Amino acid sequence: MITAEQHEALRGWFAGRLPDDLFESLGEVTADREEITVIGRIPEPRLAESASDAEREAAVGSRIQEFRERTRDARVAVARDAEHHFRKKVSWGVECGSERALFTHVAAPVMTRLRQPQRQVLDTLIAAGVARSRSDALAWCVRLVERHTDDWLAELRDSLEQVQRVRAQGPDGPDPTPEDTPAATADHDDS
């Protein structure tokens, strides 16, 4: 988990490092322990107003593919610098119209210990054809929780940032200024 200030610094690094003509605008920059994901907005293809949904979908898909191929070298150069600087892999994606496409992403394995009732949930999802394996079933469960708990997770992330701020004020944090020390602010009776 990174703090809001670290996220702003990360976003600023990419805003400064990306070639000006790569994206129309920088959309999202997100990070976890393993990966940084950079998503930018690209222009929609120009179509007649009477274009069908199928035509629009095909045009957007083609635009995304063309962008991916044309910008590969520039994106690889930025990713190489970022991976050296931040020690994390960089993944790319774009938004074009209402479509979002991720080009690459890290699928980091996660080991967990589950009790039998939890394994039975995963096995039920496999038996029902929702997932092919326990790994797929667990990923499905995480996506379901993610989809339905945005507000709760946002509040939890805010709380974690507060914990980090309080922890930084502890004995291992920066030294307080003289006016912040209890001796400077408390009324003492020396008698």
Side-chain angles (χ1 to χ4, degrees), residues 1-110 131 135-136 138-162 164-165:
M1 156 102 192
I2 65 173
T3 66
E5 186 176 326
Q6 290 169 329
H7 179 261
E8 290 168 5
L10 180 69
R11 184 176 172 80
W13 189 93
F14 277 95
R17 179 60 179 85
L18 291 173
D20 288 338
D21 60 346
L22 187 65
F23 297 125
E24 271 187 333
S25 63
L26 180 59
E28 284 182 29
V29 178
T30 57
D32 64 12
R33 284 187 240 171
E34 291 84 23
E35 173 182 34
I36 299 168
T37 302
V38 179
I39 299 175
R41 178 156 285 288
I42 62 174
E44 291 183 65
R46 293 186 195 131
L47 298 170
E49 287 189 35
S50 61
S52 69
D53 289 344
E55 184 178 353
R56 285 186 192 287
E57 187 177 320
V60 166
S62 294
R63 173 62 53 90
I64 291 170
Q65 188 61 34
E66 182 277 334
F67 173 87
R68 183 179 186 182
E69 293 166 5
R70 177 175 46 83
T71 64
R72 182 172 280 119
D73 291 341
R75 289 183 293 106
V76 166
V78 172
R80 191 175 300 119
D81 288 350
E83 288 170 7
H84 177 74
H85 186 75
F86 297 107
R87 306 273 187 246
K88 298 175 189 220
K89 292 292 182 186
V90 176
S91 299
W92 298 94
V94 294
E95 290 177 342
C96 184
S98 61
E99 193 71 28
R100 176 181 270 206
L102 292 176
F103 301 154
T104 55
H105 51 87
V106 174
V110 177
S135 176
D136 285 346
L138 187 56
W140 183 89
C141 291
V142 169
R143 286 191 305 272
L144 182 66
V145 169
E146 178 184 40
R147 186 175 303 134
H148 294 291
T149 59
D150 286 340
D151 293 338
W152 181 80
L153 287 174
E155 187 175 333
L156 185 61
R157 287 183 188 109
D158 290 344
S159 295
L160 287 172
E161 285 186 14
Q162 177 62 24
Q164 288 177 344
R165 283 191 295 271

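A quick note: this is a predicted structure, and the numbers were derived from the prediction, not measured.
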Taking [atom1] in [X] as the centre, count heavy atoms belonging to other residues, nucleotides or ligands within less than 6.0 Å. Is the count above 12?
X	atom1	value
E66	CD	yes
E24	CD	yes
E83	CD	yes
R46	CZ	no

Query - Heavy-atom closest pair, residues E161 and T3 - result: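 What the structure gives for the nearest pair is OE2-C, 3.7 Å.
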Requested in this report: From the options R41, R100, R11, select the one residue that forms a salt bridge (Lys or Arg N to Asp or Glu O under 4.0 Å) with E28.
Outcome: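 Passing option: R100.
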Requested in this report: Would you mind reporting whether V78 and V90 have side-chain heavy atoms less than 4.5 Å apart?
Outcome: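 SC-SC contact between V90 and V78 ruled out.
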Query raised in the report: Can you check whether T37 reaches D32 side chain to side chain, under 4.5 Å on heavy atoms?
Result: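 In short, these two side chains do not touch, never coming nearer than 4.5 Å.
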Requested in this report: Evaluate the side-chain contact (heavy atoms from CB on, under 4.5 Å) criterion for residues I64 and F103: first the C-alpha distance (whole Å), next the side-chain angles of each, then the deciding distance (0.1 Å), finally the verdict.
Outcome: CA-CA 10 Å; I64 291 170; F103 301 154; 3.7 Å; yes
Query - Pairing of K89 and E35 as salt bridge, 4.0 angstrom limit - result: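 Judged by the 4.0 Å cut-off on N to carboxylate O distance, K89 and E35 do not form a salt bridge.
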Query raised in the report: Is any NZ, NE, NH1 or NH2 atom of the basic residue among R63 and E99 found under 4.0 Å from an Asp or Glu carboxylate oxygen of the other?
Result: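 No salt bridge links R63 with E99.
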If I take atom [atom1] from residue [X] and atom [atom2] from residue [Y], how far apart are they, to the nearest 0.5 angstrom?
X	Y	atom1	atom2	result
C96	Q65	SG	CD	12.5 Å
L18	L26	CG	CG	6.0 Å
I42	L22	CD1	CG	9.5 Å
L10	K88	CG	NZ	7.5 Å
R72	F67	CZ	CZ	11.0 Å

Output yes when a side-chain donor or acceptor of [X] lies under 3.5 Å from a complementary backbone atom of [Y], and no otherwise.
X	Y	answer
T71	A74	no
H7	V29	yes
R68	V94	no

Requested in this report: Fit a plane to each ring of F14 and W92, take the angle between them on a 0 to 90° scale, and name the class: parallel (under 30°), tilted (30 to 60°) or perpendicular (over 60°).
Outcome: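 Rings of F14 and W92: perpendicular, over 60°.
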Report task. Check step by step if side-chain hydrogen bond (donor to acceptor under 3.5 Å, both in side chains) holds for Q162 and R165. Result -> CA-CA 5 Å; Q162 177 62 24; R165 283 191 295 271; 2.8 Å; yes
Requested in this report: List the steps, then state whether side-chain contact (heavy atoms from CB on, under 4.5 Å) holds for W152 with V145.
Outcome: CA-CA 10 Å; W152 181 80; V145 169; 5.8 Å; no
